[in-house]
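Here the structure is a predicted model, which is why all the values come from computation and not from measurement. The sequence lines fix the lettering, A, B, ..., with proteins before strands; numbering per chain opens at 1.
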2 protein chains.
Amino acid sequence: MPRLRYNGSSHFLQTDMSRKPRIRSGSGVTMHDVAKAAGVSAITVSRALNQPQQVSPHLRDKVQQAVDALGYVPSRSASALASARSRTVLVLIPSLGNTVFLDTLAGIESILAPAGYQMLIGNSHYDAEQELQLLRAYLQHRPDGLLLTGLSHAAPFDALLRQHALPAVYMMDLADDGRCCVGFSQEEAGAAITRHLLSRGKRRIGFLGAQLDERVLKRLAGYRATLAEAGLHDPSLEWLDPSPSSMQMGADMLDAALRARPDCDALFCCNDDLAIGALARCQQLGVAVPQRLAVAGFNDLQPATWCIPSLTTVATPRREIGVQAARALLNMMDGGMPDAPRVDLGFELMLRRSS
Amino acid sequence: MPRLRYNGSSHFLQTDMSRKPRIRSGSGVTMHDVAKAAGVSAITVSRALNQPQQVSPHLRDKVQQAVDALGYVPSRSASALASARSRTVLVLIPSLGNTVFLDTLAGIESILAPAGYQMLIGNSHYDAEQELQLLRAYLQHRPDGLLLTGLSHAAPFDALLRQHALPAVYMMDLADDGRCCVGFSQEEAGAAITRHLLSRGKRRIGFLGAQLDERVLKRLAGYRATLAEAGLHDPSLEWLDPSPSSMQMGADMLDAALRARPDCDALFCCNDDLAIGALARCQQLGVAVPQRLAVAGFNDLQPATWCIPSLTTVATPRREIGVQAARALLNMMDGGMPDAPRVDLGFELMLRRSS
DNA sequence: GCTGTTTATGTTAGCGCTAACAAAAGTTGA
DNA sequence: TCAACTTTTGTTAGCGCTAACATAAACAGC
């Protein structure tokens, strides 16, 4: 390829004044404008805003006055580009419609916001492939860290994390492979609620499962193990549907369950939505809860206290999971290793009238 | 101030090799690396990725191969800085715990994501001051546009929008001042449900209100106007509480209402949460719904179909609001004016058993 | 063939900020 | 008083990308 010649043959110092100035975005006030107004250099403005203790009080005040007078808002893009730190954390959750994850988000925000980090929220809709796409898309923002829901992700996921050297904390569940995770044992929780139903004298305990994500399957595993141990496991008492859970689905599943197994005397629903739909249907059908049929849910959402009868369920420390996961991530982003790579926050059985 | 002298006195062409190289963030693959690998210039890579039709198929393929081989992920910060466009939209909503806004978000995303925009979600917790802080914080990202909930914001809000020349679309309600808005008349909806209760022969119609945000107050205004017109407005039938709504609060308010006005024969609750809490309490107390007391809610959330008795409420086009608001904003960000600055999407009365 | 137009590709500079280093000013201790 | 620090402030270059313009090549019309 022949080397191209240019008519400009511009020298280093020759500024081409014929160029059109670019349109500035934002209010157009830059750090240099602030510096000029305050009579200092740009780096002093940068320091006054980011490391105030490094700047003398006198200059700090002058800078602050100039910032206020001009309405200066620093540019995150420029800062990220220059410092190679975006001060941004990517949070990937499976659903925004589920209170569980909203509570977790609130916990995360309560830690990250004061630390100067902003959250990018990605909603994977319980789909590993979509989650991978989200990660790819959000990597363009060069997040400094990652908060993930669950342990199993699409195949290239971990490779991407390694390639980009991204610290990540896994939430909601517990891994055994050294990954940093904050959560509780989904399996153990499923076992605990099943043991409770057994302790109530129930013997033909069914399972209603929707979505069938990783966590639901672990609760199911806990349920199966417990019943198997008691010699009571019966696969024909399990009703599973991979579509997203809803109260409607809980009602429909209850119908199906009672039709197939009228002798079923308890139901562990994989979440409160299903359980509340099932309870409402029991009311309509005149099925006595808990006498003829005990019902248990999972998560302890607000309606669990308010449905009739009130719902026995598993309270999960979801806000605290967010808080501790965010703290661990902050720690890792500062270059430290987490104190404990595996934080088990446990769960609590909420025993109410439905059992 | 004396001019400082430096020992370096570096010339243009003299590269100071003693400097430490900076640590690269991300995977460290830049557009130049891709360009080198593909045997083209950087700008060709940029164009191949952003305006593929401007690049010949042959080079486009070579670039794509290099991108895949190196695992290149473009940097949004650098792109935003160079182009003065962040391809980011800031969405400010009052609450993440309210399904209403989640549905709106989903609608927004369905339009913005395919257009290459990413959302920044700010949760103001129904607080105008916090909303202003969020705007300030997120302005650092230089969003290209803004989607706002409601019409009234903190005082410096509009000034900031003007200063930064930010296109904005207001959602959920209808303004008369030329601002671009997509929603429905909250006032008219409040009036419509009140008229419905009147048509059912109710005469002492109460109002339960929580949160008391802008939209609740407009629904209240519609309720008042309708009753006043019928000569039935009675301020002692209004129970208002500025704290966030919940089912618990609905139950408590029902107690208070029946205690103060046992003759009350209908209740318009400002949202479904309150209504469902009130309904549950009626069940517990043995209050016949709708015979002795009719109950109506607002929003038509999922549980409205499932509570007992099912809840009469107002279905709001919240997803469609998000969709159309996002479309209008895209239009404005492209420099165009919205076709109609004011889009009224209406609402629908869902008449069920509770009335 | 020659000119005017369109298409494909390239060079340069600069977006707004901060890391790295340099220098000046202040402070300490003998 | 002066060397040795520490603190404060400043200069330079460059982060990774794209706008603006330049050039070359391909094509059109005569």
Side-chain angles (χ1 to χ4, degrees), chain A residues 1-12 14-16 18-26 28-35 39-51 53-60 63 72-85 140 142, chain B residues 1-12 14-16 18-26 28-35 39-51 53-60 63 72-85 140 142:
Chain A
M1 194 185 301
R3 191 150 196 309
L4 309 175
R5 280 187 312 103
Y6 289 84
N7 72 349
S9 69
S10 61
H11 277 126
F12 317 104
Q14 174 185 337
T15 310
D16 185 346
S18 69
R19 297 220 169 176
K20 287 180 200 162
R22 296 200 198 175
I23 307 139
R24 287 247 193 89
S25 75
V29 179
T30 74
M31 189 173 271
H32 272 93
D33 300 330
V34 176
V40 299
S41 69
I43 192 75
T44 301
V45 176
S46 173
R47 286 197 275 248
L49 296 175
N50 300 321
Q51 296 123 28
Q53 77 291 346
Q54 284 192 26
V55 176
S56 66
H58 174 231
L59 286 189
R60 218 187 296 159
V63 167
Y72 170 68
V73 179
S75 159
R76 214 98 173 168
S77 300
S79 168
L81 190 57
S83 68
R85 297 191 64 191
Q140 299 191 349
R142 303 285 188 268
Chain B
M1 195 183 302
R3 192 151 193 311
L4 309 174
R5 281 187 313 104
Y6 289 82
N7 73 349
S9 72
S10 62
H11 277 126
F12 318 102
Q14 173 185 336
T15 309
D16 185 347
S18 69
R19 300 222 168 174
K20 289 181 199 161
R22 298 199 197 174
I23 307 139
R24 286 249 193 90
S25 75
V29 179
T30 75
M31 189 173 269
H32 274 93
D33 299 331
V34 176
V40 298
S41 69
I43 194 72
T44 300
V45 176
S46 174
R47 286 198 274 250
L49 297 176
N50 300 320
Q51 296 121 30
Q53 77 291 346
Q54 283 190 25
V55 175
S56 65
H58 174 231
L59 286 191
R60 218 185 299 158
V63 167
Y72 169 67
V73 179
S75 159
R76 218 106 168 161
S77 300
S79 168
L81 190 58
S83 68
R85 297 191 66 191
Q140 299 190 349
R142 303 284 187 269

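Considering only heavy atoms from C-beta on, A:V55 stays 4.5 Å or farther from A:V63 through its side chain. Counting only heavy atoms from C-beta outward, the side chains of B:V73 and B:V29 never approach each other to under 4.5 Å. Side-chain atoms of A:R142 and B:S77, non-hydrogen and from C-beta on, never get closer than 4.5 Å to each other.
Here the side chain of A:S79 pairs no donor or acceptor atom with the backbone of A:S75 at under 3.5 angstrom. With hydrogens and angles disregarded, a donor-acceptor distance shorter than 3.5 Å links the side chain of A:D33 to the backbone of A:T30.
When the P atom of C:dT18 is taken as reference, atom NE2 of A:H32 falls 11 Å away, rounded to whole Å. For the pair B:Q54 CD and C:dT6 P, the interatomic distance rounds to 15 Å; values are reported in whole Å. Atom pair A:R85:CZ and C:dT18:P shows a separation of 12 Å (rounding to whole Å applied). One interatomic measurement links the two molecules: NE2 of B:H58 to C1' of C:dA8, which rounds to 13 Å at whole-angstrom precision. Taking atom CZ on A:R60 and atom P on D:dT8, their separation rounds to 9 Å, with Å as the unit. Put simply, CD on B:Q53 is 11 Å from P on C:dT7, counting in whole angstrom units. When rounded to the nearest whole Å, the span between CG of B:N50 and P of D:dC17 equals 10 Å. Distance, B:Q51 CD to D:dC17 P: 15 Å, rounded to whole Å.
Between B:S56 and C:dT9, a side-chain N or O to OP1/OP2 separation shorter than 4.0 Å is present. The phosphate of D:dG10 has OP1 or OP2 within less than 4.0 Å of a side-chain N or O from A:S41. Proximity of B:T30 to the phosphate of D:dG16: no side-chain N or O atom is located under 4.0 Å from OP1 or OP2. In terms of phosphate contacts, B:S77 brings no side-chain nitrogen or oxygen within less than 4.0 Å of OP1 or OP2 of D:dC15. One finds a side-chain N or O of B:T44 lying less than 4.0 angstrom from the OP1 or OP2 phosphate oxygen of C:dG10.
Of the candidate nucleotides D:dC17, D:dC15, C:dC17, C:dC17 has the atom lying nearest to any side-chain atom of A:M31. When distances run from any side-chain atom of B:I43 to the nucleotides D:dT9, D:dA19, C:dG16, the shortest one goes to D:dA19.
Take the nearest nucleotide of DNA chain D for A:V55 and for B:S75: the residue whose nucleotide is more 5' is A:V55. Nearest-nucleotide mapping onto DNA chain D: of B:R76 and B:R47, the residue sitting toward the 5' end is B:R76.
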